[in-house]
Amino acid sequence: MTDVTATVVRLKLSLLRNGLRQSGGRRAAFVASAVAALLFAALQLLGLVLLRGHAHADAVAVLGAAVLALGWAFMPLFFPGGDETLDPTRLAMLPLRPRPLVRALLAASLVGIGPLFSLVLLVGCAVSVAHGAAGYGVAVVAVALALLVCVALARAVATANVRLLSSRKGRDLAVLSGLVIAVGAQLVNFGAQSLGSAGLGRLAPVADVVRWLPPASAIGAVHSASEGSYGTAVLQLALSLAALVLLVGAWARTLTRLMTSPDGSTLQAPDAATRSRSPEGGGLGRRLPGGRTGTVMARSLRYVWRDPKTKAAWVTSLAIGLIVPVFNALQGTGSIYFACFAAGMLGIQMYNQFGQDTSAFWMVATTISSPRDAYAELRGRALALLLITLPYATLVTVLTTALLGDWPRLPEVLGLSFALLGAMLATGAWTSARFPYSIPQEGHKNVAPGQAGLAWIAIFGGMVSAALLCSPVIALTIALNVSAGGDEWTWLLLPVGAAYGATITWAGLRAAAPRTAACLPEILLAVSKG
């Protein structure tokens, strides 16, 4: 019988080779990504080697291995298409036993740019703390063990979630990768600024704990052996080895259950009682207004809950709208006015309202026969957005105020947030009718080919217009803050901002309604191109 491991490794190489033969663009993208990844790995290796002899080199090395393991654990959930062998159910009909299949898939997982990048990074971590023959001897074992733990961790997590990853909703998880990048960038920025002011010594307390967690414990063993603590080094290597055994065992059990259990296509559909308990139905729908307004609100909220692209946009806006003011406040460099960022991020969701409907907009278009119908449609969509945005913007503003301790300015910042939100709702309604564009349902793009110019005009032109519409409230805020005795009247900015925001929203919806009713065919054609 042909060796299963060699066969699966050849299969992985064939998949890579045949994928590159599909087009020149794909080959160019693969080469560019490979060069970029290896160049970055080489720079990291050089930086870690230069840390040799530094007092806190071990902390950097241990935490680097831990971060690498986290990447291996979670990246397959967001980029399942990056490795065609992540779905073992494709081999379910073959006469393969779990244990040989686990060994084969583990070996195949070591083929690719990702494993090579990780190997270079782990070598750098080990070299930065290795000293003497014992240290280098342990480093060889530690690097191999850490790499195997990372790969086994990725495989165990991917196999446990393979039903999700192979489904449509699971593939749409990749859309949320933008949120991970946005949040991660802010965390890295916050951490870099903290290290810049406090030095690498700030990592030591965390590293003292992480060095006992696999696979970082393997890198910790290199440092222990270099320091002459051979018993500690053996214990840390044993922890990584035990983690590898447990991960492979869990992976094998999950793989066996996956290959022998039915999938969702053979299970009975949920009954009506179960569906009625779904988050997007039932209680909330009964609390919405009656008539067309409530129907439009329910449809818009259902898009937020069910549609992957709409959900990703909302989650990203919610996260960034909170991160920017709060992180700046925590660093002591922020201003309370940064809280308006939350209203601005969520106000963007009003732009291109019809694009999220894609080709299904024709069903909405059949119900619009007059500017009055268009106004009711736009009003329902705006109210659905306000249902989330108003309490969220208030919460972010209060939290930012509490972190900065600047409570006297809370009313004026809330007033500015409400005025900004109203201006963005007004301009968003108008640009939705004037510059509609399609949002592709598949892939990562948020604009259909050929419509990027429309998207730029709609979003950035609308944001500039919203800023101009807010200028009266901004001017009043500046005037009260610079005038003598004006601080006693800044509380008036809360009711003034709220009233101004409501008025400008109403005016914007009224202005956009005739345009929407008159241009339904053009809107339908634009949003159906994806």
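Since the structure is predicted, the reported quantities are computational estimates derived from the model, not experimental observations. This chain uses plain numbering: 1 for the first residue, then up along the sequence.
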If every non-hydrogen atom of Val326 is compared with every non-hydrogen atom of Leu399, which pair is closest and at what distance?
-> CG2-CD2, 3.8 Å

For the pair Tyr500 (side chain) and Phe418 (backbone), establish whether a donor and an acceptor sit closer than 3.5 Å, ignoring hydrogens and angles.
-> no

Apply the test side chain to side chain contact (heavy atoms under 4.5 Å, CB included) to residues Leu476 and Leu493: give CA-CA distance (whole Å), side-chain angles for both, the deciding distance (0.1 Å), then the verdict.
-> CA-CA 8 Å; Leu476 179 59; Leu493 289 169; 3.6 Å; yes

Where do Asp373 and Thr367 land on the side chain to side chain contact (heavy atoms under 4.5 Å, CB included) test, with the steps shown first?
-> CA-CA 7 Å; Asp373 294 334; Thr367 67; over 6 Å; no

Out of curiosity, Asp406 CG to Ile336 CD1, how far, rounded to the nearest 0.5 Å?
-> 4.5 Å

Non-neighbouring partners of Arg299 that pass salt bridge (charged side-chain N to carboxylate O under 4.0 Å, His left out), sequence neighbours left out | Glu377

Is Leu469 close to Leu420 at the side-chain level, that is, under 4.5 Å between some pair of heavy atoms?
-> no

Backbone N or O of Gly291 within a donor-acceptor pair of the Thr295 side chain at under 3.5 Å?
-> yes

Would you please test Arg381 and Ser432 for side chain to side chain donor-acceptor pair (under 3.5 Å) and show each step?
-> CA-CA 11 Å; Arg381 293 176 185 246; Ser432 293; over 6 Å; no

When every non-hydrogen atom of Pro411 is compared with those of Pro408, the smallest separation belongs to CD-O, 3.5 Å

Is there a donor-acceptor contact under 3.5 Å from the side chain of Thr431 to the main chain of Gly428?
-> yes

Stepwise side chain to side chain contact (heavy atoms under 4.5 Å, CB included) test for Leu318 and Leu322 = CA-CA 6 Å; Leu318 289 168; Leu322 176 66; over 6 Å; no

Looking only at heavy atoms, the pair that brings Gly508 and Ala426 closest together is CA-CB, 3.7 Å

Of the non-hydrogen atoms in Ser465 and Thr427, which two are nearest, and what is the gap between them?
-> CB-CG2, 3.8 Å

Which distance, rounded to the nearest 0.5 Å, do you find between the CD of Gln349 and the CG of Leu425?
-> 11.0 Å

Output the distance between atom OG1 (Thr490) and atom CG (Asn481), rounded to the nearest 0.5 Å.
-> 6.5 Å

Look at the aromatic rings of Phe117 and Phe40 and report parallel, tilted or perpendicular, splitting at 30° and 60°.
-> parallel

Determine, step by step, whether Trp362 and Asp357 satisfy the side chain to side chain contact (heavy atoms under 4.5 Å, CB included) criterion, reporting the C-alpha distance in whole Å, the side-chain angles of both residues, the deciding distance to 0.1 Å, and the verdict.
-> CA-CA 9 Å; Trp362 73 268; Asp357 297 0; over 6 Å; no

All heavy atoms of Cys470 vs all of Ala419, minimum pair found to be SG-O, 3.4 Å

Is the number of heavy atoms from other residues, nucleotides or ligands within 6.0 Å of CZ (Arg292) greater than 12?
-> yes

Please tabulate, for side-chain N and O atoms in residues 337-346, each donor-acceptor pair with protein atoms closer than 3.5 Å (sequence neighbours left out).
residue: Tyr337; atom: OH; partner: Arg409; partner atom: NH1; Å: 3.4
residue: Tyr337; atom: OH; partner: Glu412; partner atom: OE1; Å: 2.6

Is there a donor in the side chain of Tyr375 and an acceptor in the side chain of Ser370, or the other way round, less than 3.5 Å apart?
-> no

